Engineer: 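Have a look at the structure that comes next, please.
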Amino acid sequence: MIAGGTAGGAVYYRKSHQSEVSVVSVDSLASQYYTDDTSLEGNIATSAVQSITIDKDMIVQDVYVSKGDTVKKGDKLVSFDMTLVQMELKIAKLKQEQQEQNLAKAQKRLASLQNGGPVEESDAGSDSLNADQPSDTDTSSTGDELASAGSSLNGVYLAAVMNPILAAAMLESTASTEDFTDTQQEASAEEADTSADVEFGSDDTGEDDTEPTPIPEQTETPEETPIPAPTETPGADQPQDDFVDDVKIVDIAPGENKDKLMDGESQFVKILNDETEPITGTGTKDDPFVFLCDSSEGYVVAKGSFLNKMAQFNSDGTRDAGKTGYWYQLEFHQNNQVVDYQDRKSSCIGYYLIDGNLLDKRVDNDSEIEYTLDGASQYEDELPDDDGGDYDNADDSGNASITRDEAIKIQKSRIQSLSLDIRESKLNISKLEKKVQKETIYSRLDGTVAKVGDSTTSSSDGSTFMTVKSKEGYYVKGTVSELMLDQIKEGTELKCSTSNGDFNAKVAYVSEYPVSGDSSYYGSGNPNASYYEYTATIEDSSVKVSDDDWLTVMLAGNVVSNGIVLDRAFVRTENGVSYVYKDDNGVLKKQILKVGGNVNSGYSVLVTGGITREDKIAFPYGDDVADGVKTKEVSADEMYGY
């Protein structure tokens, strides 16, 4: 009874002393009527051009027209094999799933901390995963020693780090020969390196019948620890025994390019093809092939020949019986340096873990796909498991170097970062889904094919692959804010006004990429938004216009009688869902909305359901805004601070 009374009293005290959030009537915030006053500025042009460009991941399948052909709106122009785009889409969806799992784990960890769970050292976050800072883990010193050993043993180093036993032996051997001269060390390295060149998955012990280089006589000969030859032990889920017949460990000949071995020049690649070899791995999910990617330009190009090899496709597009795709990992490292080969996470700034089976069918060997550093996954700090226990009396001190409040703050920041990552992933997925739908491109204009380029070079040099020039006539050209792309699309009716009168035009197409900063015309909306060029056709031949006439363009037939236009500041949108916080019998309640899109140059939202003009809503940002918080009604002037 005492415990229950105390808890009840605490709840009552919090409720009675919590801050109140101001709410204001929707009617006082909303426009009394809706007319789109975006005023898209445009001008009259006597011709229009439809341009078609090819991305690296789009493989031309069929070209239906030739230069000089006359085409009508709706005629097929070109079709693409979207196998690589489909693969990108699958990778993007898997990445989003992993991000959502990390978010759920972070949210669970936050709840544990807020409910009194023990503070762990991992809650502080690990700077060792930040590539611009050195690792403070115990393995860093071991890595330095191993690097030193590798430097003195030339080409043996990389082969050694593939096998922990060999690595340990190398360290012990190096420690026992510190007083050797450089000549002795190089001679020993050459002898040891005869066993370094091995094939993944082979049973070769690495022994060589060549006679070792003799070591000059010395006064003192320290006892040497024998260096075993590296061997590969197939994992339980390893594919067939001969699956790596053509994949070898990257190694450097004794005494040659040892500096390149250490600084990564010989290992980090910009282009992955069928001749690119991994530094380690057996091709399974638990032990994928690892390829080091040059990060200097922010991306690496994978050729179709590489993807086909990782998928184990034969030249005829089939797979041999029992064979499946390999798992492989593409890694970017800060300054193209692997700080510690036994713990590559310490310097890894982004990676892709890919199942070769994601490639549905064989692609052209010369086709290309880009893997960008920006789109790569990041290693997340490991969070402690939470058993969901009662931690009301838990000790905050523990062994952690941070306080509970600091841990909670860090966890909230992590959740916010993951939420943004998921949002970016969804945007990327949406972009890829739209690209997949463009498998066949049709003419948007009546006109003539002015250019048909080379399908093998247009994607790599960034040039336009095909252009269609319109027939003579008048067209409306202008720009539209990215905030209104959901309203200005192919087929949208535009109401155009000139000094000579009004007329309608129909949008033929909108550019896929934003216009450059030196464009001569822009929309009159948000200056922070990107703008896309649109072209609209004037179907009424009696319209009197002149070339370069400036127009005021509005959406035709867009008057809404049952909608409410609200300032965007009062509407929050997360993961595509828009909502407000409204008053519900004196307390705040989250209310999901139905929206008709962005209006007024993107500064406002058209609300078509979820609230009425009689409702009262709050400014939806701030620490005090949450379900159940008390409300107090204020006027619109008070809300805006007038």
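The structure presented is a predicted model; accordingly, all values stated were derived computationally and were not measured.
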Engineer: Check whether the side chains of Asn308 and Ser305 place a donor and an acceptor atom closer than 3.5 Å, and report yes or no.
Structural biologist: no
Engineer: In Å, rounded to the nearest 0.5 Å, how long is the span from OG of Ser377 to CG of Asn102?
Structural biologist: 9.0 Å
Engineer: Does Ile52 reach the side chain of Leu77, with side-chain heavy atoms less than 4.5 Å apart?
Structural biologist: yes
Engineer: Can you check whether Tyr351 and Tyr379 have ring centres sitting under 6.0 Å from each other?
Structural biologist: yes
Engineer: Once you round to the nearest 0.5 Å, how far does CD of Gln267 lie from OG1 of Thr276?
Structural biologist: 13.0 Å
Engineer: Just by distance, with hydrogens left out, do Asp316 and Thr318 show a side-chain donor and acceptor under 3.5 Å apart?
Structural biologist: yes
Engineer: With rounding to the nearest 0.5 Å, note down the distance linking OG in Ser546 to CD1 in Ile44.
Structural biologist: 8.5 Å
Engineer: Between the side chain of Thr464 and the main-chain N/O of Met466, is any donor-acceptor distance below 3.5 Å?
Structural biologist: no
Engineer: Tell me yes or no: between the side chains of Asn504 and Asp540, is some donor less than 3.5 Å from an acceptor?
Structural biologist: no
Engineer: Side chains of Gln437 and Glu433: do they bring a donor and an acceptor to under 3.5 Å?
Structural biologist: no
Engineer: Is the shortest side-chain heavy-atom distance between Ile488 and Leu494 below 4.5 Å?
Structural biologist: yes
Engineer: If every non-hydrogen atom of Val449 is compared with every non-hydrogen atom of Val452, which pair is closest and at what distance?
Structural biologist: CG1-CG2, 3.6 Å
Engineer: Show the numbers, then the answer: is there a side chain to side chain contact (heavy atoms under 4.5 Å, CB included) between Lys477 and Glu533?
Structural biologist: CA-CA 7 Å; Lys477 299 182 68 174; Glu533 185 179 73; 4.2 Å; yes
Engineer: So, applying ring pair (Phe, Tyr, Trp, His ring centres under 6.0 Å) with Phe289, which one of Tyr326, Trp327, Tyr328 is it?
Structural biologist: Tyr326
Engineer: Establish, from distance only, whether the side-chain atoms of Gln99 and Gln101 form a donor-acceptor pair under 3.5 Å.
Structural biologist: no
Engineer: Who pairs with Phe291 by ring-ring contact (aromatic ring centres under 6.0 Å, His included), at least two apart in sequence or on another chain?
Structural biologist: Phe306
Engineer: When rounded to the nearest 0.5 angstrom, what distance separates CZ in Arg423 from CG in Leu420?
Structural biologist: 7.5 Å
Engineer: Just checking, Lys76 and Tyr64: is the charged tip under 6.0 Å from the six-membered ring centre and within 45° of the axis?
Structural biologist: yes
Engineer: Output yes when a side-chain donor or acceptor of Asp446 lies under 3.5 Å from a complementary backbone atom of Lys73, and no otherwise.
Structural biologist: yes
Engineer: Are Lys90 and Asp360 close enough for a salt bridge, meaning some N to O gap below 4.0 Å?
Structural biologist: yes
Engineer: For Ser530 and Pro514, work out which heavy atoms get closest and say how close.
Structural biologist: CB-CB, 4.0 Å
Engineer: For Val290 and Arg344, what are the C-alpha separation, side-chain angles and deciding distance, and is it a side chain to side chain contact (heavy atoms under 4.5 Å, CB included)?
Structural biologist: CA-CA 11 Å; Val290 176; Arg344 297 189 310 275; 3.3 Å; yes
Engineer: Will you find, in the side chains of Thr83 and Asp81, an N or O donor that is under 3.5 Å from an N or O acceptor?
Structural biologist: yes
Engineer: What are the two closest non-hydrogen atoms of Gly350 and Gln378, and how far apart are they?
Structural biologist: CA-NE2, 3.9 Å
Engineer: For Arg444, does its backbone N or O pair with a side-chain atom of Gln50 as donor and acceptor, under 3.5 Å?
Structural biologist: yes
Engineer: Report yes if the side chains of Gln96 and Ile91 come closer than 4.5 Å at any heavy-atom pair, otherwise no.
Structural biologist: no
Engineer: Looking at Asp69 and Ser66, would you say the former's side chain and the latter's main chain have a donor-acceptor pair under 3.5 Å?
Structural biologist: yes
Engineer: Does Asp340 offer a backbone N or O that forms a donor-acceptor pair with the side chain of Asp343 under 3.5 Å?
Structural biologist: no
Engineer: To the nearest 0.5 Å, tell me how far Ile429 CD1 sits from Lys95 NZ.
Structural biologist: 9.5 Å
Engineer: Test side chain to side chain donor-acceptor pair (under 3.5 Å) on Glu331 and Gln329 and set out the steps.
Structural biologist: CA-CA 6 Å; Glu331 292 184 359; Gln329 182 156 310; 2.8 Å; yes
Engineer: Below 4.5 Å, heavy atoms only, C-beta onward: do Val595 and Leu606 meet side chain to side chain?
Structural biologist: no
Engineer: Do Lys285 and Asp355 have side-chain heavy atoms sitting under 4.5 Å apart?
Structural biologist: no
Engineer: Taking the side chain as every heavy atom from C-beta outward, state whether Val510 and Thr535 have any pair of such atoms under 4.5 Å apart.
Structural biologist: no
Engineer: Would you find a donor on one side and an acceptor on the other, under 3.5 Å apart, between the side chain of Lys309 and the backbone of Asp274?
Structural biologist: yes
Engineer: Take Val78 and Asp62, measure what side chain to side chain contact (heavy atoms under 4.5 Å, CB included) needs, and give me the verdict at the end.
Structural biologist: CA-CA 6 Å; Val78 60; Asp62 292 304; over 6 Å; no
Engineer: Is it the case that the side chains of Asn336 and Ser295 hold a donor-acceptor pair, with the cut-off being a distance below 3.5 Å and no angle test?
Structural biologist: yes
Engineer: Consider side-chain contact (heavy atoms from CB on, under 4.5 Å). Of Ile59, Thr440, Ile441, which one does Phe80 pass it with?
Structural biologist: Ile441
Engineer: Do Asn428 and Glu424 have a side chain donor and acceptor closer than 3.5 Å?
Structural biologist: no
Engineer: Over all heavy atoms of both residues, which pair between Glu370 and Glu88 is shortest? Give the atoms and the distance, please.
Structural biologist: O-OE2, 4.5 Å
Engineer: How close do Ile538 and Ala505 get, heavy atom to heavy atom, and via which atoms?
Structural biologist: CG1-CB, 4.4 Å
Engineer: Once ring-ring contact (aromatic ring centres under 6.0 Å, His included) is applied, do any residues pair with Tyr352, and if so which ones, sequence neighbours excluded?
Structural biologist: Tyr371
Engineer: For a 4.5 angstrom cut-off between non-hydrogen side-chain atoms, does Tyr341 reach Ile279?
Structural biologist: yes
Engineer: With heavy-atom distances below 4.5 Å as the criterion, would you say the side chains of Ile369 and Val301 are in contact?
Structural biologist: no
Engineer: For Phe268 and Val338, what are the C-alpha separation, side-chain angles and deciding distance, and is it a side chain to side chain contact (heavy atoms under 4.5 Å, CB included)?
Structural biologist: CA-CA 10 Å; Phe268 288 83; Val338 179; 3.7 Å; yes
Engineer: If you count the non-hydrogen atoms of other residues, nucleotides and ligands that lie under 6.0 Å from CZ in Arg362, is the total more than 12?
Structural biologist: yes
Engineer: Which residue, Ser346, Cys293, Cys348, forms the side-chain contact (heavy atoms from CB on, under 4.5 Å) with His333?
Structural biologist: Cys348
Engineer: Output yes when Lys323 and Asp320 qualify as a salt bridge under the 4.0 Å nitrogen-oxygen rule, no when they do not.
Structural biologist: yes
Engineer: Can you name the closest pair of heavy atoms from Thr479 and Tyr534 and give their distance?
Structural biologist: N-CE2, 3.4 Å
Engineer: Decide whether Ser578 and Thr573 meet the rule of one side-chain donor and one side-chain acceptor closer than 3.5 Å.
Structural biologist: yes
Engineer: Can you tell me how far CE of Met87 sits from CG of Asn357, rounded to the nearest 0.5 angstrom?
Structural biologist: 10.0 Å
Engineer: Take Asp57 and Lys435, measure what salt bridge (charged side-chain N to carboxylate O under 4.0 Å, His left out) needs, and give me the verdict at the end.
Structural biologist: CA-CA 10 Å; Asp57 52 6; Lys435 183 184 287 188; 3.3 Å; yes
